[in-house]
Amino acid sequence: MIKEDKLIWMYQTMCRIRFFEEAMLEQTYKGNSMGVTHPSDGQEAVPTGICAHLSNNDWIGSTHRGHGHCIAKGLETDKMMAEIMGKYTGNCKGKGGSMHIADFSKGMLGANAIVGASIPLAVGAALTAKYQGKEKDSIGVAFFGDGASSQGVLHESMNLASIWKLPVIFACENNQYAEATPSWYAVSVEDIADRAASYNIPGVIVDGMDVFQVYEAAEEAVKRAREGKGPTLLELKTYRYHGHFHADQTEKYRTTEEEEEWHKKDCIKNFEKKVVQQKIFTKSKLNKLKSEIQKEIENAVEFGLSSPLPPSEVLYEDVYVNYSNDLKGLR
Ligand SMILES: Cc1ncc(C[n+]2csc(CCOP(=O)(O)OP(=O)(O)O)c2C)c(N)n1
Ligand SMILES: [Mg+2]
């Protein structure tokens, strides 16, 4: 039984991601985003159900489609929107943009433009935790896609994490496509979870559109990691509602029938149906929560639009690590 405040957090987080992505896309179409954006709407249940078990001491590695991971890990939506708009008030002073949002204070190692690069970062964080005897309080989670699941680095990382029993979760978001290439064509197995067997670790297939199932599967994997029993591969079957990036034309490689089928499994609508049917929350309670989040996102857009660009004097700041200052807390 999930506690009421956790359920509220889960609902708010899924709505926060959905509304953020919709507003972010609108701003991108208006020319207000600094560069390419990759929306994650449709996939909200995945980061929500997993990050529900994490604290700021746990580390996540993310992808080019990273906004949902950032939000579920607790990053503020106003700073994120500003970052995407290239503004000085953003998480990385507007110099990172959509694919480089990071916040070490929240255990967020960074969105990442390199497909598969989240994986060794999360394994490195897990190795650090194990080395320091902190795995009960600090684990690593690597989010990556079905496309990334065929990158060599995943296989090297799963092997190493298995033999060293590292506290890490490999969270594969199988959203059915890598750009325009369907996973049924490009991936050698029907279920990516099957790849775990080669590394002697559990591989679990999860309905990534159902936040309750994600929550349950993640609970088990997190417990295993914190107890020193090693890694788990979760394959979360999901779908991105929009194209690969903001200007992608999905009609070139997928059908509207397929899109409609996935929309029927919508994680927010199904959450609402379940909790209302089970009389956990009323519709009006959910509407109130939803409109609060909608307001928050409107404010985030306003904050981003009204923030200044970084001044030219800071152009060369944050380019190289200052070992005496920047790495202090990490030793
Ligand atoms: C190492 C590397 N190869 C190729 C690319 C170009 N690229 C960017 S996203 C992407 C598809 C990734 O697909 P998947 O891992 O399924 O993630 P999704 O976009 O579906 O979330 C590719 C090939 C890249 N950024 N990095
Ligand atoms: Mg994919």
Side-chain angles (χ1 to χ4, degrees), residues 17-18 20-21 24-25 28 33 35-51 60-73 84 96-102 109-123 141-158 169-195 205-209 214 233-250 252-254 258-259 261-262 265 267:
I17 299 171
R18 175 75 51 93
F20 183 90
E21 295 293 41
M24 179 283 298
L25 268 181
T28 305
S33 298
V36 173
T37 56
H38 302 80
S40 69
D41 51 322
Q43 304 185 185
E44 298 87 348
V46 174
T48 302
I50 294 176
C51 293
I60 67 165
S62 170
T63 70
H64 52 286
R65 202 176 304 291
H67 306 158
H69 309 137
C70 293
I71 290 173
K73 200 67 175 64
I84 292 166
S98 167
M99 282 185 276
H100 303 95
I101 302 176
L109 286 167
N112 209 309
I114 302 166
V115 168
S118 59
I119 300 163
L121 291 177
V123 171
V141 177
F143 290 100
F144 57 95
D146 46 289
S149 79
S150 298
Q151 289 283 68
V153 69
L154 172 66
H155 298 270
E156 296 167 52
S157 297
M158 287 202 288
I169 296 170
F170 299 101
C172 178
E173 302 180 303
N174 182 355
N175 62 5
Q176 318 304 318
Y177 294 91
E179 296 192 347
T181 307
S183 57
W184 63 258
Y185 170 80
V187 181
S188 61
V189 282
E190 196 170 322
D191 298 309
I192 292 166
D194 287 350
R195 291 181 162 173
I205 301 169
V206 188
D207 179 352
M209 302 298 283
V214 179
L233 169 63
L234 300 177
E235 180 192 0
L236 307 121
K237 310 253 191 200
T238 182
Y239 202 71
R240 57 168 157 75
Y241 286 172
H242 278 93
H244 171 67
F245 74 113
H246 69 275
D248 186 21
Q249 294 170 304
T250 51
K252 292 201 169 153
Y253 59 88
R254 65 187 201 189
E258 179 186 292
E259 292 181 358
E261 279 310 304
W262 282 94
K265 304 181 203 177
C267 61

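We count residues from 1, following the sequence as given. When a ligand or atom number is given, it counts from 1 through the structure's own listing order. None of the values given here were measured: they were computed from a predicted structure.
Taking 2.8 Å as the threshold, D146 counts as a candidate ligand of the Mg ion (ligand 2), since one of its N, O or S atoms lies below it. Among the backbone and side-chain atoms of N175, an N/O/S atom is found under 2.8 Å from the Mg ion (ligand 2). Here Y177 meets the criterion, with an N, O or S atom under 2.8 Å of the Mg ion (ligand 2).
Tested against H69, the residues S118, C51, P47 include a single side chain to side chain contact (heavy atoms under 4.5 Å, CB included) partner, P47. Screening H67, Q43, R65 for a side-chain hydrogen bond (donor to acceptor under 3.5 Å, both in side chains) involving E21 leaves a single residue, H67.
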For ligand 1, output the ligand-protein N/O contacts shorter than 3.5 angstrom; if there are none, return none.
{"unit_1": "ligand 1", "atom_1": "7 (N)", "unit_2": "E179", "atom_2": "OE2", "d": "3.4"}
{"unit_1": "ligand 1", "atom_1": "15 (O)", "unit_2": "G147", "atom_2": "N", "d": "3.2"}
{"unit_1": "ligand 1", "atom_1": "15 (O)", "unit_2": "A148", "atom_2": "N", "d": "3.0"}
{"unit_1": "ligand 1", "atom_1": "16 (O)", "unit_2": "D146", "atom_2": "N", "d": "3.3"}
{"unit_1": "ligand 1", "atom_1": "16 (O)", "unit_2": "D146", "atom_2": "OD1", "d": "3.0"}
{"unit_1": "ligand 1", "atom_1": "16 (O)", "unit_2": "D146", "atom_2": "OD2", "d": "3.4"}
{"unit_1": "ligand 1", "atom_1": "16 (O)", "unit_2": "G147", "atom_2": "N", "d": "2.8"}
{"unit_1": "ligand 1", "atom_1": "16 (O)", "unit_2": "Y177", "atom_2": "O", "d": "3.2"}
{"unit_1": "ligand 1", "atom_1": "19 (O)", "unit_2": "H64", "atom_2": "NE2", "d": "2.7"}
{"unit_1": "ligand 1", "atom_1": "19 (O)", "unit_2": "R65", "atom_2": "NH2", "d": "2.8"}
{"unit_1": "ligand 1", "atom_1": "20 (O)", "unit_2": "N175", "atom_2": "OD1", "d": "2.9"}
{"unit_1": "ligand 1", "atom_1": "20 (O)", "unit_2": "N175", "atom_2": "ND2", "d": "2.9"}
{"unit_1": "ligand 1", "atom_1": "20 (O)", "unit_2": "Y177", "atom_2": "O", "d": "2.8"}
{"unit_1": "ligand 1", "atom_1": "21 (O)", "unit_2": "R65", "atom_2": "NE", "d": "2.9"}
{"unit_1": "ligand 1", "atom_1": "21 (O)", "unit_2": "N175", "atom_2": "ND2", "d": "3.4"}
{"unit_1": "ligand 1", "atom_1": "25 (N)", "unit_2": "A113", "atom_2": "O", "d": "2.8"}
{"unit_1": "ligand 1", "atom_1": "26 (N)", "unit_2": "V115", "atom_2": "N", "d": "3.2"}

Full working for side chain to side chain contact (heavy atoms under 4.5 Å, CB included) between H242 and L25: CA-CA 10 Å; H242 278 93; L25 268 181; 3.5 Å; yes
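Nearest heavy atoms, G49 versus V214: CA-CG1, 3.7 Å. Listed here is the closest heavy atom pair of C172 and G145: SG-O, 3.7 Å.
Not counting sequence neighbours, the partners of H64 by the ring-ring contact (aromatic ring centres under 6.0 Å, His included) test are H38, H244.
Y241 and N175 share no side-chain donor-acceptor pair at under 3.5 Å.
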